[in-house]
Amino acid sequence: VGDNIGICGIADDEETYCLSNDPDYDNSTAPVAVSNGLHFIKVQSGESHACGLTALGDIYCWGDNWNGQLGVLAEQSGGIPYSLEPIAAGTGITWRDFTVGSYITCGLSDDGLTYCWGAFGELTSERILSKEGHLPFQVSTDIHFDKIFVGGYAKICGLTDTGEAYCWGEFGPLGDGTYDGSPIPVQVTGDLSFTTLAVGGVHICGIENSGKVYCWGYISDKATGSP
């Protein structure tokens with residue numbers, strides 16, 4: 001569900017439909033099929049864009065591209081900062097998963113690398129200004145993530161196949177015991193193994209293997225740098 005792009009989902013006929021609440025995106029009271037004859041196995045929407053993953057490992061995105069969240073340069077979306085039709089992101093990369101934030105998209109490639117595109121604060125401002133941030137760029141880490149999560153404007157987390165959590169973004173706390181942001185993934189402290197994470201704009205929570213829920217960040221006007 002996204003604020004402007006609306007609600008997107010995959011129907012029983014394997015078609016993807018979106019219901020927009022913004023007149024700039026063909027505002028409709030009924031779901032509209034996403035064009036180009038594409039069939040997705042996963043769809044997700046952010047603040048003003050959405051993306052889908054095909055069974056062949058291709059990611060297509062549509063909606064706003066002001067911050068490069070579609071993964072293409074403006075000239076590739078018809079010279080305008082948005083596209084009403086899905087556009088392939090990161091051509092030449094085979095994807096196995098992705099996640100969408102407010103103005104950013106991140107994906108995991110088949111060869112275990114993590115890529116992001118779009119804007120999440122000053123960490124990518126220079127890339128955006130140089131147009132590099134409009135194209136998928138590899139996150140600076142040797143860690144291979146099994147799952148990836150994006151929340152709000154400035155936080156990204158990944159889980160390894162053993163449940164270790166790493167987070168990065170412009171603003172902390174990220175769970176490493178400090179209150180700082182980081183452009184590269186930092187490990188969440190506590191020797192915890194998580195099954196899943198939920199990343200918000202100012203805090204992060206995770207379900208540990210025992211079933212316990214741990215949170216860190218700004219919670220009830222208080223901050224904690226560790227789970």
Side-chain angles (χ1 to χ4, degrees), residues 1-120 134-136 145-153 156 158-159 196-200:
V1 177
D3 285 352
N4 294 325
I5 200 69
I7 301 170
C8 294
I10 303 172
D12 289 340
D13 61 4
E14 298 184 349
E15 294 288 344
T16 297
Y17 294 84
C18 291
L19 176 62
S20 175
N21 56 9
D22 189 326
D24 289 337
Y25 298 101
D26 292 344
N27 187 27
S28 174
T29 57
V32 177
V34 175
S35 57
N36 288 3
L38 296 166
H39 291 169
F40 298 116
I41 58 175
K42 175 182 177 178
V43 293
Q44 208 173 67
S45 54
E47 182 81 12
S48 56
H49 78 293
C51 296
L53 176 68
T54 70
L56 296 177
D58 297 316
I59 292 178
Y60 289 82
C61 298
W62 59 97
D64 262 346
N65 197 37
W66 286 101
N67 295 289
Q69 59 264 52
L70 301 189
V72 298
L73 299 176
E75 48 264 35
Q76 293 174 272
S77 56
I80 53 178
Y82 64 87
S83 176
L84 297 179
E85 295 186 353
I87 301 177
T91 55
I93 301 174
T94 302
W95 305 99
R96 64 177 178 82
D97 199 10
F98 78 95
T99 187
V100 169
S102 293
Y103 304 109
I104 185 173
T105 310
C106 292
L108 300 176
S109 68
D110 258 359
D111 53 5
L113 302 178
T114 302
Y115 293 83
C116 291
W117 55 97
F120 55 109
H134 288 240
L135 302 173
F145 294 115
D146 184 57
K147 302 174 184 177
I148 191 168
F149 310 86
V150 177
Y153 300 91
I156 306 167
L159 283 181
T196 190
L197 299 173
V199 183

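Computed over heavy atoms, backbone and side chain alike; hydrogens, waters and symmetry mates excluded.
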Check whether any side-chain heavy atom of [X] sits under 4.5 Å from a side-chain heavy atom of [Y], and report yes or no.
X: Q69; Y: D64; result: yes
X: V43; Y: C51; result: no
X: K42; Y: T16; result: no
X: D111; Y: T94; result: no
X: V34; Y: Y60; result: no
X: S48; Y: Y103; result: yes
X: Q44; Y: T99; result: yes

Could you grab the distance from atom CD1 of I156 to atom SG of C116, nearest 0.5 Å is fine?
4.0 Å
OG/S109 to CG/D97 distance, rounded to the nearest 0.5 angstrom?
11.5 Å
Heavy-atom closest pair, residues [X] and [Y]:
X: L135; Y: G71; answer: CD2-O, 3.6 Å
X: I41; Y: I10; answer: C-CD1, 3.6 Å
X: W117; Y: G68; answer: CD1-O, 3.3 Å
X: V150; Y: G101; answer: CG1-CA, 3.5 Å
X: V100; Y: S45; answer: CG1-C, 3.7 Å
X: A88; Y: V72; answer: O-CG1, 3.4 Å

Quick note, salt bridge (Lys or Arg N to Asp or Glu O under 4.0 Å) partners involving residues 54-63, not counting sequence neighbours, are none
When you compare the side chains of H49 and T105, does any donor N or O come within less than 3.5 Å of an acceptor on the partner?
yes
Can you tell me if [X] uses its side chain to pair, donor with acceptor, with the backbone of [Y] under 3.5 Å?
X: D13; Y: E15; answer: yes
X: N65; Y: L70; answer: yes
X: K147; Y: L197; answer: no

Test F98 against every option in L108, I148, I59 by the side-chain contact (heavy atoms from CB on, under 4.5 Å) rule and name the one that passes.
I59
Step by step, work out the side chain to side chain contact (heavy atoms under 4.5 Å, CB included) result for E14 and L38.
CA-CA 9 Å; E14 298 184 349; L38 296 166; over 6 Å; no
Excluding sequence neighbours, so at least two apart, what forms ring pair (Phe, Tyr, Trp, His ring centres under 6.0 Å) with Y115?
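Once residues adjacent in sequence are excluded, the partners of Y115 under the ring pair (Phe, Tyr, Trp, His ring centres under 6.0 Å) criterion are W95.
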Can you list everything that forms a ring pair (Phe, Tyr, Trp, His ring centres under 6.0 Å) with F40? Sequence neighbours excluded, please.
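Applying ring pair (Phe, Tyr, Trp, His ring centres under 6.0 Å) to F40 gives W62.
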Take I104 and N67 through the test side chain to side chain contact (heavy atoms under 4.5 Å, CB included) and record every step on the way to the result.
CA-CA 8 Å; I104 185 173; N67 295 289; over 6 Å; no
